[in-house]
Trainee: 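Before we start, here is the structure in question, set down as structure tokens.
The shown structure was predicted, so the numbers you read here are calculated from the model rather than taken from an experiment. Quick note: numbers below take in every heavy atom, side chains included, and nothing from hydrogens, waters or symmetry partners. Residue numbers start from 1 in every chain, and the chains themselves are labelled A, B, ... in the order their sequence lines are given, proteins ahead of strands.
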Number of protein chains: 2
Amino acid sequence: MSEIEPSWDFYRTFLTVLKEGSLSAAARDLGLTQPTVGRHIDALEGIIGFQLFIRSPQGLTPTEAALDLKPHAEQLAANAAALLRAATGQGKTVRGTVRISASEVIGIEVLPPMLAALNEQHPDLVIELSVSDAVEDLLRQEADIAVRMVAPAQDALVTRRIGGIPLGLHAHRRYLDQHGTPQKLEDLRTHRVIGFDRESAFVRAMRKRVPLLDIMRPTLKSDSNLAQMAMIRAGCGVGVCQVELARRDPNLVRLFRAEFELPLETFVVMHETMKTTPRCRVTFDALVEGLLAYIGR
Amino acid sequence: MSEIEPSWDFYRTFLTVLKEGSLSAAARDLGLTQPTVGRHIDALEGIIGFQLFIRSPQGLTPTEAALDLKPHAEQLAANAAALLRAATGQGKTVRGTVRISASEVIGIEVLPPMLAALNEQHPDLVIELSVSDAVEDLLRQEADIAVRMVAPAQDALVTRRIGGIPLGLHAHRRYLDQHGTPQKLEDLRTHRVIGFDRESAFVRAMRKRVPLLDIMRPTLKSDSNLAQMAMIRAGCGVGVCQVELARRDPNLVRLFRAEFELPLETFVVMHETMKTTPRCRVTFDALVEGLLAYIGR
DNA sequence: TATCTGATATACAAAAACGAATGAGCGAAA
DNA sequence: TTTCGCTCATTCGTTTTTGTATATCAGATA
């Protein structure tokens with residue numbers, strides 16, 4: 001193995017080949033040609049001293065070693081993208097790209113109007129919305145700003161607590177007409193309940209705080225909150241969703257208003273290195289303001 | 001501003017110029033030549049669309065924009081280094097470089113014998129010891145393994161709790177001969193006490209747990225635990241240090257054995273992406289074993 | 001003042017990287 | 001089977017990048 005450090009561009013090429021699965025596809029993606037990409041991989045393999053891919057006429061299949069390096073390369077790409085975002089829109093004007101990460105429900109049901117208003121106000125602002133329930137993307141610089149349901153423990157982050165978004169039990173009017181409206185919590189045992197597929201950390205925590213959830217044995221399961229919401233709207237059964245969202249649909253009925261209300265703590269978080277850029281400040285403030293209004297101050 | 005993404009190598013060049021302060025110095029550092037480095041900066045400035053440095057016959061002074069980009073570039077460099085470390089020593093053999101981060105006292109007083117034994121056992125292992133009290137270097141990939149005094153909240157980390165390293169009040173025999181041995185805790189008011197310069201988060205937390213610390217008004221201050229330890233050894237006064245370390249010096253006397261003992265929780269932490277590499281496993285295990293032995297099981 | 005040492009900028013030649021074109025292998029569909 | 005579409009490998013000419021050498025400027029020192 002040679003002692004010289006490889007060109008950082010090789011890492012980018014490596015990652016692209018890993019993602020695309022072939023030299024040709026990677027070349028198209030990178031705006032290079034297939035021989036060049038092949039040479040990059042050759043060079044990288046030469047420097048680090050072992051094989052990264054097994055070549056075949058069907059493409060390149062990564063070796064185990066290559067897969068071990070993948071997360072590193074991905075992080076490198078995320079950082080490079082973050083640097084470029086930080087570079088664009090320097091100065092006092094609000095322009096450039098800001099990447100927002102939010103959970104599915106928030107990102108799809110709640111944020112779009114706010115983002116529309118924001119974009120109206122700042123036409124040169126490009127907003128990227130990453131909808132995912134993965135928590136760790138801020139530290140990996142995969143986003144500049146995130147809307148989170150857990151308090152961030154990291155101190156390299158600028159955090160603003162919004163408050164609790166109330167969750168409630170809901171069902172569609174049509175469902176209740178057919179199956180009857182449960183009067184006591186115990187009645188839920190005989191109802192169709194919409195719940196989580198796997199026991200995530202969040203679900204376990206929620207179950208701990210609200211023991212009555214144990215009564216509800218879900219017969220319709222999905223890990224996607226959005227899918228659960230859709231099932232509730234479609235009249236599949238009884239499920240948990242945001243009170244405010246349910247109120248928008250006049251056919252959705254809230255059940256056990258007194259017995260069941262779960263506040264979902266919400267935070268807007270920004271990476272510290274981004275707090276100087278005007279567009280991040282503006283977006284951060286807009287999200288905070290919008291979400292505060294959403295939960296009713 | 002052009003639409004093409006800059007070569008990632010430009011970022012490396014940019015960071016080096018930022019650190020070295022001149023094109024020539026950066027060129028020496030990178031193994032390139034001054035015109036090449038200059039061209040890289042020119043190209044990068046052209047792509048991102050604003051000036052990064054003000055050129056002068058004395059060197060290059062970074063603009064404010066360049067300083068804003070610095071942390072990103074540093075992180076990029078850390079990730080690239082981590083990738084390279086992950087790449088070297090693939091396979092089942094224990095070889096390559098492992099970077100360990102530890103606090104000053106641990107890194108200088110406790111770890112070296114363990115690392116010596118480890119290196120004896122694995123001659124092809126290169127050990128880098130980063131001695132610093134900064135906490136966040138694991139996430140930034142500035143180290144592969146860290147010895148920490150706070151429980152890591154991140155779940156991308158492999159954590160092993162060691163236990164509490166006992167801290168105690170100590171003074172040098174010579175100091176006590178001259179100034180007398182304090183009998184009651186209140187006597188400390190009239191003694192020379194070695195303490196912290198600034199009120200760090202750690203100090204505040206400690207003060208909360210052990211109110212009697214308020215009695216001690218330090219007259220000799222340092223933020224470096226190592227310097228505090230040195231002052232105790234030099235007979236400057238009464239201070240807090242690890243019981244085990246004090247025991248090594250027969251001239252150090254422990255005070256208020258019954259009233260004052262503070263366990264310092266200790267953890268060995270490893271980045272998840274490193275847990276497959278043999279050298280990280282081996283080092284991790286050696287640190288865990290060594291530290292467990294150090295605190296007496 | 002003259003000189004030496006650091007710096008950046010420029011001109012031109014050498015070296016390296018790249019792209020276009022071509023050949024060949026494999027698998028799916030006609 | 002034949003053809004088409006996808007792939008990787010190789011060759012060769014060209015473009016791009018880099019290095020060498022030199023000019024120039026600013027500050028420290030004798």
Trainee: Take atom CG of B/Asp9 and atom C1' of C/dA16, then tell me their distance rounded to the nearest Å.
Mentor: 14 Å
Trainee: Would you name the heavy atoms of B/Arg148 and B/Val269 that are closest together and state the gap between them?
Mentor: CG-CG2, 4.1 Å
Trainee: Can you sort out the partners of A/Arg279 under salt bridge (charged side-chain N to carboxylate O under 4.0 Å, His left out), two or more places apart, ordered by chain and number?
Mentor: none
Trainee: Which residue pairs satisfy the ring pair (Phe, Tyr, Trp, His ring centres under 6.0 Å) criterion with at least one member in residues 26-61 of chain A, sequence neighbours excluded?
Mentor: A/Phe10-A/His40, A/Phe14-A/Phe53
Trainee: Taking only heavy atoms on the protein side, list every residue of residues 13-23 of chain B lying under 4.0 Å from any atom of DNA chain D, sorted numerically.
Mentor: none
Trainee: What are the atom names and distances for every N/O pair under 3.5 Å that joins the protein to nucleotides 16-20 of chain D?
Mentor:
residue	atom	partner	partner atom	Å
D/dT18	OP1	B/His40	NE2	3.2
D/dT18	OP2	B/His40	NE2	3.3
D/dG19	OP2	B/Thr33	N	3.3
D/dG19	OP2	B/Thr33	OG1	3.0
D/dG19	OP2	B/Thr36	OG1	2.6
D/dG19	N7	B/Arg39	NH2	3.0

Trainee: Set out, in order, the CA-CA distance, both residues' side-chain angles and the distance that settles side chain to side chain contact (heavy atoms under 4.5 Å, CB included) for B/Ser130 and B/Glu142, then state yes or no.
Mentor: CA-CA 9 Å; B/Ser130 162; B/Glu142 285 162 17; over 6 Å; no
Trainee: In whole angstroms, how far is the P atom of C/dA17 from the CG atom of A/Asp42?
Mentor: 12 Å
Trainee: Just jot down the salt bridge (charged side-chain N to carboxylate O under 4.0 Å, His left out) partners of B/Glu45, sequence neighbours excluded, or say none.
Mentor: B/Arg55
Trainee: To the nearest 10 degrees, how far apart in direction are the end axes of the helix from C/dT1-D/dA30 to C/dA30-D/dT1, each fit to five base pairs?
Mentor: 10°
Trainee: Please name all residues satisfying side-chain contact (heavy atoms from CB on, under 4.5 Å) with A/Pro113, sequence neighbours left out, ordered by chain then number.
Mentor: none
Trainee: State which residues pass side-chain contact (heavy atoms from CB on, under 4.5 Å) with B/Asp285; sequence neighbours excluded, sorted by chain then number.
Mentor: B/Arg281
Trainee: Can you give me the N/O atom pairs linking the protein to nucleotides 25-30 of chain C at distances under 3.5 Å, or say none if there are none?
Mentor:
residue	atom	partner	partner atom	Å
C/dC26	O3'	A/Gln58	NE2	2.8

Trainee: For A/Arg28 and D/dT7, what is the distance between atoms CZ and C1' respectively, to the nearest whole Å?
Mentor: 10 Å
Trainee: Ignoring hydrogens and angles, write down the donor-acceptor pairs under 3.5 Å from the side chains of residues 62-72 of chain B, residues two or more places apart or on other chains.
Mentor:
residue	atom	partner	partner atom	Å
B/Thr63	OG1	B/Gln51	O	3.1
B/Thr63	OG1	B/Leu52	O	3.2
B/Thr63	OG1	B/Ala66	N	3.3
B/His72	NE2	A/Thr273	OG1	3.4

Trainee: Within the 4.5 Å heavy-atom criterion, are A/Thr13 and A/Leu30 side-chain neighbours or not?
Mentor: yes
Trainee: Apply the test side chain to side chain donor-acceptor pair (under 3.5 Å) to residues B/Thr36 and B/Thr33: give CA-CA distance (whole Å), side-chain angles for both, the deciding distance (0.1 Å), then the verdict.
Mentor: CA-CA 5 Å; B/Thr36 305; B/Thr33 57; 3.0 Å; yes
Trainee: Can a salt bridge be assigned to the pair A/Asp9 and A/Arg12 using a cut-off of 4.0 Å between side-chain N and carboxylate O?
Mentor: yes
Trainee: Are any of A/Arg55's side-chain N or O atoms less than 4.0 Å away from OP1 or OP2 of D/dT7?
Mentor: no
Trainee: Using whole Å, report how far CD1 of A/Ile41 lies from P of C/dA17.
Mentor: 15 Å
Trainee: Partners of B/Glu128 by side-chain contact (heavy atoms from CB on, under 4.5 Å), sequence neighbours excluded?
Mentor: B/Thr97, B/Arg99
Trainee: With A/Ser103, which residues qualify under side-chain contact (heavy atoms from CB on, under 4.5 Å), at least two apart?
Mentor: A/Ile106, A/Asp133, A/Met149
Trainee: Separation of A/Leu60 atom CG from D/dA9 atom C1', in whole Å?
Mentor: 12 Å
